[in-house]
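Please read these numbers as outputs of a predicted model, since none were measured by experiment. Start at 1 with the first residue, then count along the sequence.
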Amino acid sequence: RALVYFIAALVHLERHGGLSRREMLSLLAAGEKLLGITALEGKKACAVVAEYRLASSQILRRLHDHFGAFWQLCAVDINKAKLPNATSRRILLALANRYMRLGYADRALFHYRNLLDEYEGEGRETNFAQLGIVHALRIGGLLGEAAAALIQFNAELSQDPAFGDEVEWE
């Protein structure tokens with residue numbers, strides 16, 4: 001429970017600020033110690049650790065520690081097979097989105113495609129992954145493939161009004 005509250009505090013501080021760089025790094029170090037002393041077992045525990053790593057990655061990115069942020073993403077990437085399905089879908093999507101924000105379109109594309117291959121039709125995350133594939137291909141300079149992917153996914157994406165503007169823009 002303490003780890004869940006700790007992660008909530010990290011997310012809040014990342015969004016709203018309030019601590020200096022040194023204080024945030026000290027807080028992340030405390031989180032690593034908390035991970036080390038907490039007896040975590042099973043898939044739910046793996047999901048909590050993944051959430052901590054994703055929050056840490058976002059904080060490190062904001063602190064301009066891109067290598068540290070990438071390292072945290074890699075830690076999630078390595079352990080994602082241990083996650084429960086619903087959590088895994090969300091983690092894969094978050095992982096892909098974070099890779100895109102860090103400028104790794106190829107890694108993001110890999111995770112978007114994995115999400116579609118493993119969980120196609122199992123949730124709204126797949127629609128976000130379809131749009132992410134188009135976006136990653138376009139950012140990666142593969143404009144022909146991006147156009148083909150958009151045509152392929154257009155029927156599914158156009159059914160959800162939340163994606164209308166994005167599809168039109170792409």
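For the pair Asp106/Tyr104, a side-chain contact is recorded, criterion being any heavy-atom separation below 4.5 Å from C-beta on. A heavy-atom distance below 4.5 Å is found between the side chains of Leu93 and Tyr112.
With sequence neighbours excluded, no residue forms a salt bridge (charged side-chain N to carboxylate O under 4.0 Å, His left out) with Arg61. Considering only residues two or more places apart in sequence or on other chains, Leu13 meets the side-chain contact (heavy atoms from CB on, under 4.5 Å) condition with Leu19, Met24, Leu27. Residues satisfying the salt bridge (charged side-chain N to carboxylate O under 4.0 Å, His left out) criterion with Arg62, sequence neighbours excluded, are Glu14. Residues satisfying the side chain to side chain donor-acceptor pair (under 3.5 Å) test with Asp65, not counting sequence neighbours, are none. Under the rule for a side-chain contact (heavy atoms from CB on, under 4.5 Å), the partners of Leu109 that lie at least two apart in sequence or sit in another chain are Arg113, Ile133, Ala136, Leu137.
The closest side-chain donor-acceptor pair between Glu23 and Ser20 falls under 3.5 angstrom.
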Please tabulate, one pair per line, all N/O donor-acceptor pairs under 3.5 Å involving side-chain atoms of residues 143-150, not counting sequence neighbours.
none

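In this structure, Leu28 CG and Leu60 CG are separated by 5.5 Å, a value rounded to the nearest 0.5 Å. Rounding to the nearest 0.5 angstrom, the gap separating the CZ atom in Arg22 from the CG atom in Leu63 is 13.5 Å. Distance check: Leu116 CG to His111 NE2 gives 13.5 Å after rounding to the nearest 0.5 Å.
For the pair Ser56 (side chain) and Tyr52 (backbone), a donor-acceptor distance under 3.5 Å is present.
Nearest heavy atoms, Ala108 versus Ala96: CB-O, 3.3 Å.
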